[in-house]
Amino acid sequence: IDLSVTWLGQTMPGCLYNASGVWCREEGELEALHASAAAAVITKSATLTPRDGNPEPRYCRTPLGSINSMGLPNRGFDYYLDYARRYRYGSGKLLFLSLSGLSLDDNCAMLRRLAEEGLPAVPEVNLSCPNVPGKPQLGYDFAATAEALEAFDATYSGLYGVKLPPYFDPAHFAAMAEILNRHPRLAFVTCINSIGNGLVVDIDSEAVVIKPKDGLGGLGGDYVLPTALANVREFFRLLPGKDVVGCGGVKSGREAFMHILAGARAVQVGTCLYHEGPGAFSRIAGELAMLMRVKGYRSLDAFRGRLRTL
Ligand SMILES: O=C(O)c1[nH]c(=O)[nH]c(=O)c1Cl
């Protein structure tokens, strides 16, 4: 059973890695991911300067997944760039740097700095952080997204990707695809980020469960799987020549299989990784391999994007 993935001009040993934000803010966490069965590593979304993020409690586990309003706590771009300078690319495990500047200038400054280093690390620009008060999600502003991508192309000459928020309407899928298809070096989109601004209520305390934004936060886990699969399948259809990375609701080989069937090139794990730790990657990979064996598939190419309609 071959779980390897060839994309971005490289071959990584498997198809699973972490969702940005989870188990990837500190170097020790990143090293634990690299040492695990994860096939790649992506860093916590970086801002130009370090951030403490929102007041706690800002993350809560629920029976169906998670809610978070972290507020972009991170060590700042230089910390992750330094890690990228020392990363062992020879392992075959790709390194992605997630960038989430608080302005277009900040995103371009980080892309410019990354371009100057000429490192194999691949940028994934986050268009979808839902938890910085006063900052609407760029990915829901089509004009601003179009402007940003023009600036990214002018700043960064390599391949890059974007992390998209979930969309919920065919007109929005079409509008975003029309914009994304203008950019040949935009090699992949990662679908989806958390479903923004959910509200979890604790009926015993009769209160919300996180402090920021009066309890509003991004949802992950079982809550988001059908929405994640829809975004993967729609953008797989609408973005010829680009890769789609599936993210959302993956907690076993079953959901990883669904994402790949929907068209995902590779699959990220967030909420499940937060709760289980990096051991989740070998478990999920083993379950996926077993599923493929039972179904008679020897590689991911044998079923990627083959979701049947009725
Ligand atoms: O609050 C966060 O840090 C956060 N939380 C999310 O669920 N997605 C994001 O992209 C970010 Cl940047």
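Both counts, for ligands and for their atoms, begin at 1 and track the order of listing.
Listed for the R185 side chain is a donor-acceptor partner under 3.5 Å among the backbone atoms of D153.
The closest approach between G21 and ligand 1 stays at or above 4.0 Å for every heavy atom of the residue. At a 4.0 Å cut-off, not a single heavy atom of K163 sits close enough to ligand 1 to count as contact. Remark: distances from the non-hydrogen atoms of P130 to ligand 1 include one below 4.0 Å.
The aromatic rings of Y17 and F96 lie parallel to each other, with less than 30° between the two planes, well short of the 60° mark. A perpendicular orientation is assigned to the rings of Y167 and Y140, their planes being inclined by more than 60° (bins at 30° and 60°).
E124 and T190 form a side-chain donor-acceptor contact under 3.5 Å, judged by distance and modelled atom types alone. Counting only N and O atoms by type, the side chains of Y83 and E31 include a donor and acceptor under 3.5 Å apart.
Applying the salt bridge (Lys or Arg N to Asp or Glu O under 4.0 Å) test to every pair with at least one member in residues 199-228, sequence neighbours left out, gives these pairs: D222-K251.
Taking the six-membered ring where the residue is Trp, the centroids of H183 and Y160 are separated by 6.0 Å or more.
The shortest N or O to N or O distance between N68 and ligand 1 is under 3.5 Å. Considering backbone and side-chain atoms together, S194 places an N or O closer than 3.5 Å to an N or O of ligand 1. Where the criterion is an N or O separation shorter than 3.5 Å, residue side chain and backbone included, N126 meets it with respect to ligand 1. Every N/O-N/O distance between G218 and ligand 1 stays at or above 3.5 Å.
For T43, there are no side-chain hydrogen bond (donor to acceptor under 3.5 Å, both in side chains) partners, not counting sequence neighbours.
Of the heavy atoms in S20, none comes closer than 4.0 Å to ligand 1. Both the backbone and the side chain of L72 come within 4.0 Å of ligand 1, judged by heavy-atom distances. With a 4.0 Å heavy-atom cut-off, ligand 1 is reached by the side chain of K44 but not by its N, CA, C or O.
For atom 11 (C) of ligand 1, the nearest non-hydrogen atom of the protein is C129 SG, 3.4 Å.
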